[in-house]
2 protein chains.
Amino acid sequence: MLLKNISVDCVIFGFDNNKLNVLLWQADPKLLTHILKQEEDYEQISFLYDSHPSLLDDHTWGLIGAHAPAETSLDEFAQNISSESTGLTGVYLKQFQTFGRADRVPYYRVVTIGYYALINLHYHNLRKSALTKKMQWFGIDELPPLCFDHLEIIHAALAHLRETVQYHPIGFHLLPEEFTLTELQTLYEAILGKKLDIRNFRKKIHNMELLEETGKKQENVPHRAAKLYRFDPGNYNRLVNEGLNFRI
Amino acid sequence: MLLKNISVDCVIFGFDNNKLNVLLWQADPKLLTHILKQEEDYEQISFLYDSHPSLLDDHTWGLIGAHAPAETSLDEFAQNISSESTGLTGVYLKQFQTFGRADRVPYYRVVTIGYYALINLHYHNLRKSALTKKMQWFGIDELPPLCFDHLEIIHAALAHLRETVQYHPIGFHLLPEEFTLTELQTLYEAILGKKLDIRNFRKKIHNMELLEETGKKQENVPHRAAKLYRFDPGNYNRLVNEGLNFRI
DNA sequence: CCAAAAGTGTTAGACCTACACCCATGA
DNA sequence: TCATGGGTGTAGGTCTAACACTTTTGG
């Protein structure tokens, strides 16, 4: 059974083309209603779509989310949503804020619990789930028209990420397992929205002793090949726990 | 109308006796559990419970909270709850986490949105609160038995406060309008759970230019009277907005 | 004059910021 | 050999941490 007044929305962040991107979808209501077993659930979903023609429109996008089932914890359900939509399991997921304005969804009271996911785009090809009409990455500065208050939710997720990333080493979840220092720096620049000094950045990262060299280098680049690094999991976990001495 | 599956709980923090305290009211888990077995009556009975906290026994306490009404935003409702229970309006309130384990309340699915309030104990007398008969402050290290997952919620609120207070100047909401530097330091020591160096603390606070002298001093103290300070609202707001350069 | 808390400064080391040039690679 | 991005060090200023004594007040 679905909880009528509660939904979960996931702001799925990925880093690519030196930009921070968000995964959005357009749900297919026909497909959606097929999988709903209970009459009650069916009615709710079709009511939602009937009363919001913009949900059917090709130009309006939304966050990946759904009404929460009564039997599942919110954290688990957020994992389910993000793994179904990206094909990835065990992604970094953070509950960041709950949105509860009375009129945030017209005609019906829906409180939505917002999570953001940080995923590494190189790990998979996006597979549309059965429910999905379209799914696409958008740069955070190039968002399409969004339904409901989803723009506000994305901005809140970004603000939360931007702050958290300065004290906790979570940005790394957006990178592939092996990466260059320049990629790491570009990632931070994209999240924080400002340029960082290359020498100071590298000094800082090295002092943290968070990374280890893989011994490998980039290949097939038309310039000097950069060293590839990975995290030292021991120190990474130490920093995650100690937290606050991570400052970019 | 109340939303059956959604509640709001407020962790109301106050600072007194050099300790951080939490305001709790009483709940009777036996009574509540018994009632919850009849799902149909749940809404009615819980409404009764919400409006008559005198249905209480002496041993188990709970956070101040209630099922959310369908017509009110969560933020507004959290304000209502905290102002009704403390008599204070316009208190600092922060939504910090939503608790959504499927079994957090027995026999029924209730997702609760957690807020914490920071209030100044000197501003009011708790007994004035109309809805509440049994209500009491407890030191955060001397909590009584709590219903449901309320202990977990309090610990999460504390952890959030402890972290936030290091980067944002919000701790001040716990102090009266005029206060001494020693009170400010003791507050930070209570929140962070560690001793701070008096000279370094004072230097830091002075450098922030966050405070202004009132020109007054303590009276009737059996030792040298300390100067009383208040916030410089201009700089306070600047720091709230700029945020992150506030570090204790 | 005693008890109790208020108030104050310095130093050494760590960290931050600003800044410019050579290096390695593939085309 | 050129274009492109990779990679490195230093100096000045600021911030931090550690540390002990004098001042004010009421009783």
Side-chain angles (χ1 to χ4, degrees), chain A residues 15-19 165-167 169 175-176 178-190 192 194-230 239 242-248, chain B residues 15 17-19 165-167 169 175-176 178-190 192-230 239 242-248:
Chain A
F15 179 66
D16 202 16
N17 297 123
N18 295 347
K19 282 186 323 189
V165 98
Q166 297 181 65
Y167 307 112
L175 292 174
E178 303 188 344
F179 52 87
T180 68
L181 289 178
T182 301
E183 285 166 348
L184 185 61
Q185 180 172 347
T186 313
L187 168 64
Y188 273 89
E189 290 176 344
L192 300 177
K194 65 179 182 201
K195 288 283 170 201
L196 302 171
D197 180 275
I198 173 174
R199 279 173 290 188
N200 295 335
F201 182 84
R202 280 161 184 251
K203 240 180 299 170
K204 205 155 195 176
I205 296 292
H206 279 130
N207 287 341
M208 283 179 204
E209 302 182 327
L210 189 58
L211 303 186
E212 55 186 17
E213 298 191 13
T214 62
K216 295 186 232 167
K217 292 191 169 190
Q218 288 178 315
E219 285 172 18
N220 301 319
V221 287
H223 53 76
R224 176 171 174 179
K227 288 182 186 170
L228 291 168
Y229 291 82
R230 77 168 76 83
L239 273 184
E242 287 180 11
L244 314 184
N245 27 2
F246 185 89
R247 203 81 189 265
I248 290 293
Chain B
F15 179 66
N17 297 123
N18 296 347
K19 280 187 323 189
V165 99
Q166 298 183 65
Y167 306 112
L175 291 176
E178 304 188 344
F179 52 87
T180 68
L181 289 179
T182 301
E183 285 167 348
L184 185 60
Q185 180 173 348
T186 313
L187 168 63
Y188 273 90
E189 290 176 344
L192 299 177
K194 65 180 181 199
K195 287 283 170 202
L196 302 171
D197 180 276
I198 174 175
R199 280 172 288 188
N200 294 336
F201 182 83
R202 281 160 183 253
K203 239 179 300 169
K204 206 155 193 177
I205 295 293
H206 280 130
N207 288 341
M208 282 178 202
E209 302 182 327
L210 189 58
L211 303 186
E212 56 186 18
E213 298 191 13
T214 62
K216 296 185 231 167
K217 292 190 169 191
Q218 287 179 316
E219 285 172 17
N220 301 318
V221 288
H223 52 76
R224 176 172 175 176
K227 287 183 185 170
L228 290 168
Y229 292 83
R230 77 167 77 80
L239 273 186
E242 287 179 11
L244 315 184
N245 28 0
F246 185 90
R247 203 81 189 266
I248 292 292

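Here is how names work: the chains are called A, B, and so on, in the same order as the sequence lines, proteins then strands, and each is numbered from 1.
For the pair B/K217 and A/Y229, both in contact range of DNA chain D, the more 5′-proximal nearest nucleotide belongs to A/Y229. Sequence order on DNA chain D of the closest nucleotides to A/R202 and A/P222 puts A/P222 first from the 5' end.
Between B/F201 and B/Y188, the ring planes lie tilted relative to each other; the angle falls in the 30° to 60° range.
If you measure from atom CG of A/D197 to atom P of D/dG6, you get 14 Å, rounded to the nearest angstrom. Rounded to an integer number of Å, the gap from A/Q218 CD to C/dG26 C1' is 13 Å. Rounded to an integer number of Å, the gap from NE2 of A/H206 to P of D/dG6 is 14 Å. Rounded to a whole Å, the CD1 atom of A/I198 is 12 Å from the C1' atom of C/dC21. Across the protein-nucleic acid pair, A/K195 atom NZ and C/dC19 atom P stand 17 Å apart, rounded to whole Å. Distance CD (B/E183) to P (C/dA6): 9 Å, rounded to an integer number of Å. Taking atom CD1 of B/I205 as the reference point, atom C1' of C/dG7 lies 15 Å away to the nearest angstrom. B/K194 has its NZ atom 13 Å from the P atom of D/dT16, to the nearest Å.
Of the candidates C/dG7, D/dA17, D/dG6, C/dG7 carries the atom nearest the B/R224 side chain, counting heavy atoms from C-beta on. In this structure, the nucleotide among C/dT25, D/dT25, C/dG9 sitting nearest to the side chain of B/N200 is C/dG9. The side chain of A/A226 approaches D/dG6 more closely than any other nucleotide in the set D/dC19, C/dG7, D/dG6. Listed nucleotides: D/dA18, C/dA20, D/dG6. Nearest to the side chain of B/K203: D/dA18.
Here A/K204 lies in heavy-atom contact (under 4.0 Å) with sugar-phosphate atoms only. B/N220 comes within 4.0 angstrom of no nucleic acid atom, judged by non-hydrogen atoms across all strands. Within the 4.0 angstrom heavy-atom criterion, no nucleotide atom of any strand lies near B/T180.
Side chain of B/T186 to main chain of B/N18: no donor-acceptor pair is present (N/O by atom type, distance under 3.5 Å, no hydrogens or angles). Using a distance-only test at 3.5 Å, with no hydrogens or angles considered, a donor-acceptor pair links the side chain of B/Q185 to the main chain of B/L196.
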Can you list the steps and then say if A/K204 with A/N207 is a side-chain hydrogen bond (donor to acceptor under 3.5 Å, both in side chains)? CA-CA 5 Å; A/K204 205 155 195 176; A/N207 287 341; over 6 Å; no

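Dashed line: the shortest gap from a side-chain N or O of B/R199 to OP1 or OP2 of C/dG9 is not under 4.0 Å. Side-chain nitrogen and oxygen atoms of A/T182 include at least one within less than 4.0 Å of the OP1 or OP2 phosphate oxygen of D/dG6.
The salt bridge (charged side-chain N to carboxylate O under 4.0 Å, His left out) with A/K227 is formed by just one residue from the set A/E178, A/E183, A/E213; it is A/E213.
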